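Written below as structure tokens is the structure these notes are about.
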Amino acid sequence: MQKLKIYLVDDHKLFREGLKLLLSTQDFVHHIYEASNGREFIESLSLVDCDVVLMDIEMPEMNGIEATREALRLHPDLKIIVLSMYGDEQYYYKMIDAGAKGFMLKNTGIENVITAIKKVAAGENFFSEELLFSILNNMRDSNKTETESSDSEISEREMEILYHVCKGKSNQEIADELFISKRTVDKHRANLLSKTGCRNTAALVMYAIKNKIIEIND
């Protein structure tokens with residue numbers, strides 16, 4: 001893959017420096033930029049050219065939600081991955097609505113960070129399994145029973161596709177797993193987006209979890 005320019009946006013300097021040190025050893029990384037908050041990131045965005053942004057949620061001056069919205073208004077093709085802590089679940093839907101393409105917990109391993117960057121840079125979405133479990137547990141604890149809309153129109157095959165989407169697989173990987181064509185998977189995925197009213201794959205994953213259509217088991 002082509003070498004990537006990555007932007008780290010986080011108000012914890014030690015975390016940024018540690019992540020920068022780890023990523024700088026990867027042969028697919030061309031350059032790494034840093035910002036301590038969303039405002040600093042936005043103000044410098046016109047001066048740098050980056051491919052993937054690793055964005056914290058809670059930061060002073062401008063948080064990750066506002067920064068993501070503004071960054072994508074200025075650069076619609078920018079790929080943004082959320083770096084979150086346990087307990088940030090209340091912000092996930094806002095980050096998806098803002099346009100984030102991937103989510104990771106800050107305690108994840110560097111291997112997951114590398115996988116997320118590569119997948120999102122290639123146009124895919126990425127959800128760490130730890131984060132999916134965190135969301136599921138949070139919703140179970142909240143005893144939420146109602147759903148936003150009926151899933152009765154979702155076919156058995158679409159449910160199967162949705163399960164693999166929630167596991168972070170690409171359309172080609174799903175096609176290989178189910179022994180069907182990629183074009184068929186593309187069609188089912190488009191139908192799922194239409195039936196659920198979701199704008200993108202990230203929103204579709206959250207919809208599936210929130211409405212308890214899919215459960216990611218340990």
Side-chain angles (χ1 to χ4, degrees), residues 1-85 87-128 131 168 170 193 198-206:
M1 64 181 298
Q2 68 174 18
K3 287 184 176 291
L4 300 174
K5 293 178 283 294
I6 299 170
Y7 211 130
L8 306 181
V9 187
D10 194 289
D11 60 326
H12 293 94
K13 185 177 181 180
L14 189 61
F15 177 81
R16 284 201 322 271
E17 290 182 346
L19 186 53
K20 181 178 181 178
L21 180 62
L22 291 171
L23 288 175
S24 64
T25 64
Q26 302 300 311
D27 57 10
F28 67 88
V29 176
H30 175 66
H31 190 77
I32 301 174
Y33 302 97
E34 295 180 68
S36 61
N37 59 65
R39 189 173 303 284
E40 181 183 335
F41 163 64
I42 293 299
E43 288 176 352
S44 67
L45 197 54
S46 62
L47 305 175
V48 302
D49 177 28
C50 64
D51 304 296
V52 177
V53 180
L54 300 181
M55 179 80 73
D56 190 13
I57 297 178
E58 291 194 84
M59 295 179 288
E61 297 194 42
M62 179 184 285
N63 64 33
I65 299 167
E66 296 170 333
T68 296
R69 288 199 184 104
E70 182 62 16
L72 291 176
R73 185 186 69 80
L74 297 170
H75 300 280
D77 295 330
L78 196 60
K79 308 294 194 308
I80 297 178
I81 300 171
V82 178
L83 294 170
S84 72
M85 300 286 289
D88 283 345
E89 289 88 348
Q90 58 181 314
Y91 301 116
Y92 293 161
Y93 299 101
K94 291 181 180 179
M95 287 299 289
I96 286 175
D97 188 59
K101 300 297 183 183
F103 288 77
M104 289 184 296
L105 287 172
K106 284 189 174 181
N107 65 348
T108 193
I110 186 62
E111 297 83 5
N112 274 344
V113 176
I114 292 169
T115 298
I117 291 172
K118 289 182 175 180
K119 283 199 169 189
V120 170
E124 300 178 35
N125 294 84
F126 180 87
F127 285 80
S128 69
L131 185 140
S170 68
L193 290 171
C198 295
R199 294 188 298 177
N200 53 45
T201 302
L204 184 61
V205 172
M206 283 298 185

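In this chain, residues are counted from 1 in sequence order. Below, all heavy atoms of this structure are taken into account, side chains as well, without hydrogens, waters or symmetry copies. Quick caveat, the model's predicted, so the values are computed rather than measured.
- When side chains are defined from C-beta on, L74 does not count as touching S46, because their heavy atoms never get closer than 4.5 Å.
- Looking at every heavy atom in both residues, A100 comes nearest to V82 through CB-CG2, 3.6 Å.
- With rounding to the nearest 0.5 angstrom, the CD atom of E124 is 5.5 Å from the NZ atom of K119.
- Closest heavy-atom contact between I32 and K20: CD1-O, 3.6 Å.
- Checking side-chain atoms of E40 against main-chain N and O of S36 turns up a donor-acceptor pair under 3.5 Å.
- Here F41 contributes atom CZ and I80 contributes atom CD1; the two are 5.5 Å apart, rounded to the nearest 0.5 Å.
- The number of heavy-atom neighbours closer than 6.0 Å to CG of L47, taken from other residues, nucleotides and ligands shown, is above 12.
- Closest approach of L4 to A121, counting heavy atoms only: CD1-CB, 3.7 Å.
- Contact between N37 and V9 at its shortest, heavy atoms only, is O-CG1, 3.7 Å.
- Under a 3.5 Å cut-off, the side chain of T108 and the backbone N or O of L105 do not form any donor-acceptor pair.
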Working note: K5 + V48, criterion side chain to side chain contact (heavy atoms under 4.5 Å, CB included); need CA distance, chi angles, decisive distance, verdict. CA-CA 9 Å; K5 293 178 283 294; V48 302; over 6 Å; no
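- Here the closest heavy-atom approach between residue A71 and residue L78 is recorded as CB-CD2, 4.0 Å.
- In this structure, NE2 on H30 lies 11.0 Å from CD1 on I6, to the nearest 0.5 angstrom.
- Every residue meeting the ring-ring contact (aromatic ring centres under 6.0 Å, His included) condition with Y33, not counting sequence neighbours, appears here in chain and number order: Y7, H31.
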Might you work through the side chain to side chain contact (heavy atoms under 4.5 Å, CB included) test for V29 and I117, ending with a clear yes or no? CA-CA 10 Å; V29 176; I117 291 172; over 6 Å; no
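- In terms of heavy-atom proximity, M104 sits nearest to N112 at SD-O, 3.9 Å.
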When you look at L23 and L54, which way does the side chain to side chain contact (heavy atoms under 4.5 Å, CB included) test go after all the steps? CA-CA 12 Å; L23 288 175; L54 300 181; 4.1 Å; yes
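- In this structure, N63 contributes its side chain and I57 its backbone to no donor-acceptor pair below 3.5 Å.
- Side-chain atoms of I81 and F126, non-hydrogen and from C-beta on, never get closer than 4.5 Å to each other.
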Mind running side chain to side chain contact (heavy atoms under 4.5 Å, CB included) on L8 and D56 for me, showing each step along the way? CA-CA 8 Å; L8 306 181; D56 190 13; over 6 Å; no
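- Between the CG atom of L83 and the CG atom of N107 there is a distance of 11.0 Å, given to the nearest 0.5 Å.
- Of the inter-residue distances, the one linking L19 atom CG with H12 atom NE2 reads 14.0 Å to the nearest 0.5 angstrom.
- R69 has its side chain within reach of I65: a pair of non-hydrogen atoms, C-beta onward, lies under 4.5 Å apart.
- Counting only residues at least two apart or on different chains, the salt bridge (charged side-chain N to carboxylate O under 4.0 Å, His left out) pairs with a member in residues 73-82 are E70-R73.
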